[in-house]
Amino acid sequence: MSEKLKILSHIVKKDGQTKHAILIDPADQTPDVAAKRCLAAVNAGSSMILIGGSSNTDTKNVDATVIAIKEMLELVTWAKTQDSMRMDNNLIPIVLFPQGAAALSSTADAVTFMMLMNSTSPRYLIEEQVIGAPLIKESNIEPLPMGYLVCAPGGKVGEVGKADLILKGDRKRVEAYALTAEYYGFKLLYLEAGSGAKNPVDSELIKAAREACDLTIIVGGGIRDGHAAKKAADAGADWIITGNLAEEYNDADELQRVLTEFIIQMNS
Ligand code: 1GP
């Protein structure tokens, strides 16, 4: 893949392991706290940082958060390259995961350019994307073509996005969406249960998506421990996203310990 697709090629690279990414909501924490949590996550073995979340996130607080995280990570990357051959593996992309065009920031490495495929509203199927596309071009950040499917219980994103939720056990429907995503040329497929969901995405649905397509499958929403992450990983998830989990810890060392355990268990 060309230099222009640097972040996408990192995300779709398969090495037999399921990877973890931390989701930071800039509305929930100061840039400094976000940076400390990201450092703990990266030290624990997380491979990507997503920035997104609430509807009241704007470019200003996204910018400040991305910059603080970048500065923190640059120090770590610099330290690691001094004594190892892991140069390429040290790439920890900072990727925007926006609710809409209003939360774009040119300071990030990439942005999930997504269609909420099971939305009933044209706004989330195509309209926000048409507003966002010229802004992405102008800011020169890499768009990552992604199908986004909201599964039950769906939470706030399901409501705001007017999703016709994919219900537990509806394999046929998830298979059809996975194929549609592939035929559209998307490279990533995100199965979302909603932030803070009581139950994560049904593993049967993950399996159905895995069997139906070759896309990189990302799973998030309500995953609180390594056991739930392993279940999703065994069903075929390539990436596991956690948001709320990190926000429960204010002590960076404790968070690092928890996430280290989480990542080990996920791939056990
Ligand atoms: C939300 O899937 C993510 O988009 C993360 O959810 O906050 O429940 O980990 P949690």
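We're numbering straight along the sequence, starting at 1. Atoms within each ligand, like the ligands themselves, are counted from 1 in listed order.
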- Query: Please state which protein non-hydrogen atom is closest to atom 9 (O) of ligand 1 and give its distance, to 0.1 Å?
  - Reply: G243 N, 2.8 Å
- Item | For atom 7 (O) of ligand 1, the option (of G222, A246, S195) bearing the nearest heavy atom | S195
- Message: If the cut-off is 4.0 Å to any non-hydrogen atom of F97, which atoms of ligand 1 fall inside it?
- Response: 4 (O)
- Hey, could you give me each pair passing side chain to side chain donor-acceptor pair (under 3.5 Å) that has a residue in residues 162-176? Not counting sequence neighbours. D164-R173, R171-E204, R171-E211
- Item | Those atoms of ligand 1 less than 4.0 Å from some heavy atom in G196 | 7 (O), 8 (O), 10 (P)
- For W239 and T18, which heavy atoms make the closest approach, and how far apart are they? N-CG2, 4.1 Å
- Which atom names give the shortest non-hydrogen contact between S195 and N244, and what distance separates them? OG-ND2, 3.2 Å
- Item | Atoms of ligand 1 close to G220 [distance to a heavy atom under 4.0 angstrom, numbered from 1] | 2 (O)
- Any N or O of G221 that comes nearer than 3.5 Å to an N or O of ligand 1? yes
- Specify the closest pair of heavy atoms between A44 and Q256, including all atoms of both residues, with the distance to one decimal. CB-O, 3.6 Å
- Query: Where do A178 and A212 come nearest, in terms of heavy atoms and distance?
  - Reply: CB-CB, 4.1 Å
- Any N or O of I223 that comes nearer than 3.5 Å to an N or O of ligand 1? no
- Query: So which bit of E192 gets within less than 4.0 Å of ligand 1, heavy atoms only: side chain, backbone, both or neither?
  - Reply: side chain
- Message: Can a donor-acceptor pair be found, under 3.5 Å and without considering hydrogens, that links the side chain of N118 to the backbone of V150?
- Response: yes
- Note on the structure: One finds that the ligand 1 atoms under 4.0 Å from a non-hydrogen atom of T242 are 9 (O)
- Does L23 have a heavy atom less than 4.0 Å from any atom of ligand 1? yes
- Correct closest heavy-atom pair for I206 and A237 would be CG2-N, 3.9 Å
- Query: So which protein heavy atom does atom 3 (C) of ligand 1 come closest to, and at what separation?
  - Reply: Y190 OH, 3.4 Å
- When every non-hydrogen atom of H20 is compared with those of S46, the smallest separation belongs to ND1-OG, 2.7 Å
- N244 N/O under 3.5 Å from ligand 1 N/O: yes
